[in-house]
Amino acid sequence: MDGTFDHSPLAEPLTQTLLRLVEQSLWANCQWVEFVYSQPDPEVRPRELLGHLMVGERVWFERIAGQQRTTTMFPLMSKDELIRGFTGSAETFRQLIGSRLADVIHFRRGTGEEYHARVEDIIHHLLTHGYHHRGQLAAHYVRSGINYPNTDHINFLIENRL
């Protein structure tokens with residue numbers, strides 16, 4: 001945590017909320033990376049889900065920049081690559097939140113269909129995408145009877161004394 005969000009009552013509520021959610025997402029993703037890669041015999045599917053989460057963010061950031069290049073959606077990546085990727089994504093989120101929330105982005109989906117979306121909505125999409133796949137990770141481990149990290153938003157607030 002680097003404390004990049006402003007707790008003052010004068011801070012823009014949406015911006016501050018999004019910044020807090022980005023910090024929670026970074027924290028949760030890093031918790032999951034540490035957990036998955038600490039398992040004695042790390043399974044492929046959890047590592048694919050983590051790679052998918054990270055490159056999913058990258059794909060959207062490339063769309064926003066008008067330079068989409070990423071094509072592999074479920075890569076196997078090292079622990080260090082994932083941590084660096086999620087940390088870099090958090091910085092990109094912060095920059096977009098600070099300057100581009102209202103921008104409309106035109107993009108082409110993998111199906112070839114053309115769409116547009118505001119950066120604010122893309123950020124919401126990416127944050128909920130993270131919750132979805134972290135939930136899949138939790139379901140994967142609970143079926144095996146393995147205790148996994150609690151990365152709920154409230155737990156983030158408690159652990160970080162926010």
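The figures that follow rest on heavy atoms only: side chains count, while hydrogens, waters and symmetry mates do not.
The CG atom of Leu18 sits 4.5 Å away from atom CD1 of Ile97, with the distance rounded to the nearest 0.5 Å. Taking CZ from Phe74 and CG from Leu49, the interatomic distance works out to 6.5 Å, rounded to the nearest 0.5 Å. The distance from the NE2 atom of His153 to the CZ atom of Phe156 is 6.5 Å, given to the nearest 0.5 Å. Once rounded to the nearest 0.5 Å, the distance linking CG of Leu53 with CG of Leu126 reads 9.5 Å. Distance check, rounded to the nearest 0.5 Å: CD of Gln136 to OH of Tyr131 gives 16.0 Å.
The two atoms that bring Ile122 and Ala117 nearest to each other are CG1-CB, 4.0 Å, heavy atoms only. Closest heavy-atom contact between Arg63 and Ile105: O-CG2, 3.6 Å. Of all the heavy atoms in Pro75 and Val55, the pair that sits closest is CG-CG1, 3.7 Å. Counting all heavy atoms, side chain and backbone alike, Leu82 lies closest to Val33 at CB-CG2, 3.9 Å. Closest heavy-atom contact between Phe35 and Pro149: CG-CD, 3.5 Å. Nearest heavy-atom pair, Ser25 versus Glu57, reported as atom, atom and distance to 0.1 Å: OG-OE2, 4.5 Å.
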Applying side chain to side chain donor-acceptor pair (under 3.5 Å), run through Gln31 and Tyr148 and close with a yes or a no.
CA-CA 9 Å; Gln31 294 274 319; Tyr148 56 87; over 6 Å; no
Start with the C-alpha gap between Arg45 and Glu48, add the side-chain angles, then the distance that decides, and say whether salt bridge (charged side-chain N to carboxylate O under 4.0 Å, His left out) holds.
CA-CA 5 Å; Arg45 186 61 180 158; Glu48 286 176 337; 3.3 Å; yes
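Placement of Leu76 and Val36 in two distinct hydrophobic clusters is found when ILVMFWY residues are connected by side-chain heavy-atom separations under 4.5 Å, directly or transitively.
Scanning for side-chain hydrogen bond (donor to acceptor under 3.5 Å, both in side chains) contacts around Thr87 gives an empty result, with sequence neighbours left out. The ring-ring contact (aromatic ring centres under 6.0 Å, His included) search around His129 returns His52, His125, His133, not counting sequence neighbours. Considering only residues two or more places apart in sequence or on other chains, Ile154 meets the side chain to side chain contact (heavy atoms under 4.5 Å, CB included) condition with Leu157, Ile158. With sequence neighbours left out, the side-chain hydrogen bond (donor to acceptor under 3.5 Å, both in side chains) criterion links Tyr37 to no other residue.
Between Glu23 and Arg20 there is no salt bridge, since no side-chain nitrogen of the basic residue lies less than 4.0 Å from a carboxylate oxygen of the acidic one.
Residues Leu14 and Leu101 have side chains in contact (heavy-atom distance under 4.5 Å, counting atoms from C-beta outward). Taking 4.5 Å as the limit, every side-chain heavy atom of Phe86 sits out of range of all side-chain heavy atoms of Trp27.
Contacts classified as side chain to side chain donor-acceptor pair (under 3.5 Å) and involving residues 112-121 (residues at least two apart or in different chains) are given here: Arg108-Glu114, Thr111-Glu113, Glu113-Tyr115, Arg118-Glu120, Arg118-Asp121. Judged as a salt bridge (charged side-chain N to carboxylate O under 4.0 Å, His left out), not a single pair has a partner in residues 126-155 (not counting sequence neighbours).
The closest donor-acceptor contact from the side chain of Asn155 to the backbone of Thr151 lies at 3.5 Å or more, if one exists at all.
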